[in-house]
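One structure is given below, encoded as C-alpha cells.
Every number for a ligand or one of its atoms is a count from 1 in the order of the listing.
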Amino acid sequence: MKRRLVLGALVLMGGVAIAVAAQQRPQVIDIAKVSDNYYVLTSSTPGNNDTFSGGNVGVFITTAGVVLVDTKLAAWGDTFLSRVRSISNKPVTTIVNTHTHGDHTGNNDRFGGNVEFVVHENTKTNMAKMDAFKGDKAQFLPKRTFRDRMTLGRGAEQIDLYYFGRGHTDGDAFVVFPSLRLVQTGDLFAWKDGPRIDRANGGSGVQYPQTIAKALAALKDIDIVVPGHSPLMKMGDLQEYQRYTADLLKTVQDAKNSGKSVDEAAAASLAMTQKYRGYASERVKVAVQDIFDELNAGGAAR
Ligand SMILES: [Zn+2]
C-alpha cells in the first residue's frame, strides 16, 4: 500500500521523478550455486530486463581467497560487492576479465591493492583505450597477461585460461575450472542469438566459427558451460552455437556472392535462425551487417 502511494506521487511529479524511481528500484542479482566453492552471480533474472547487472560472474573460493571472473557494470558495484560478500568473507585475490567490455570490467576499480588482474594481452590493450581505465584509473589495468594459455593455481584450485582466436573481440578468454568440469565462455558464447561482433575491438564474424571450433577441439571433460549472459548450459549447446555461427557466416557469404543486399542477407539469416530451436533473433540483423561489412573490407586480418 505504502509503495503504491509513493509511486503515485512520483508519477504526478513527471518524468524526472520517474527516472529517480527507476534508480531507486532495488537491484537484484541472483546467485546460482554450482558447488560449495563455485557460484555464478547471474547476468539477469530470466524475463526481467531490469535485473541486467552485466555479464555472469564466476565466484571461485580457494584457500587463499576469492577468484572472480568478470566484474559486471559499474552502476551495480555496491550490490555486486555485497553479493560477493554474501558468498565468502575471504579477500578477493584474483580477477580474470573474459574481455574488455564495461559489463564485464565495470567494477575492477573497486578492488585495489593486492588483487591480481589477469586478461588476454589484446584485452589489456583494448581496456587501455576505455575512458574507465584512463588517468588515475590506469592503475586498475591488468598487469598479468597471457597469449595462448595460462594456468593459475593447482590441484583442485587450478584454473586454465585459453585464447582460441578472434570472435566477439580479439581478446576473449575461456576460463576452465578442471576440478568442476566447467568453462566460462565470456561473450564468445553469450546467448542463443546472433553473436555480437565488436569489430572496433578486433572482433570477427568471419573467424567466429573456427574460434569456437578450436575451443571445442581443445576442451575435454567439461559438463557445465557458463555463457556470458545466459543461464548455465552444456557442451552440446556450445557445439550447436559453433554450427550456428558457421551457418550464419555461410548464409551471409552466399547472399553476398550472389549479389544480394545486406537486407536480403538478413532475411535469409533470420529464416536460417528459425531452424535452431530456442534461438532468439533480436541480434541477427546487427550480426549480419557486421559480417557483411567485414567481408566488404576483405575480411582483413588483424
Ligand atoms: Zn561483451
Is the Lys NZ or Arg CZ of Lys143 less than 6.0 Å from the centre of Phe117's six-membered ring, within 45° of the axis?
->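 Negative - Lys143 is either too far from the ring of Phe117 or too far off its axis.
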Can you tell if the side chain of Ile61 reaches within under 4.5 Å of the side chain of Lys90, non-hydrogen atoms only?
->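 Result yes, sub-4.5 Å side-chain heavy-atom pair found.
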Could you grab the protein N, O or S atoms closer than 2.8 Å to the Zn ion (ligand 1) for me?
->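 Under 2.8 Å from the Zn ion (ligand 1) - ignoring waters, which are not counted - the protein N, O or S atoms are His99 NE2, His101 ND1, His168 NE2, Asp187 OD2.
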Close aromatic pair by centroid cut-off 6.0 Å: Tyr163 and Phe146 = no
Which pairs of donor and acceptor atoms, one on a side chain in residues 212-226, lie under 3.5 Å apart (sequence neighbours left out)?
residue : atom : partner : partner atom : Å
Lys214  : NZ   : Phe164  : O            : 3.4
Lys220  : NZ   : Ala217  : O            : 3.3
Asp223  : OD2  : Arg181  : NE           : 2.7

List for me each residue that meets salt bridge (Lys or Arg N to Asp or Glu O under 4.0 Å) alongside Lys134, sequence neighbours excluded, and say none if there are none.
->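 Only Asp131 meet the salt bridge (Lys or Arg N to Asp or Glu O under 4.0 Å) criterion with Lys134.
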With a cut-off of 3.5 Å and sequence neighbours excluded, list every side-chain donor-acceptor pair involving residues 66-76.
residue : atom : partner : partner atom : Å
Asp70   : OD1  : Thr98   : N            : 2.7
Asp70   : OD1  : Thr98   : OG1          : 3.3
Asp70   : OD2  : Thr98   : OG1          : 2.8
Asp70   : OD2  : His104  : ND1          : 2.8
Thr71   : OG1  : His104  : O            : 3.4
Thr71   : OG1  : Thr105  : O            : 3.4
Thr71   : OG1  : Gly106  : N            : 3.4
Thr71   : OG1  : Asn107  : N            : 3.1
Thr71   : OG1  : Asn108  : N            : 3.4
Thr71   : OG1  : Asn108  : OD1          : 2.9
Lys72   : NZ   : Leu41   : O            : 3.2
Lys72   : NZ   : Thr42   : O            : 2.8
Lys72   : NZ   : Ser53   : OG           : 2.8
Lys72   : NZ   : Gly55   : O            : 2.9
Trp76   : NE1  : Phe52   : O            : 3.4

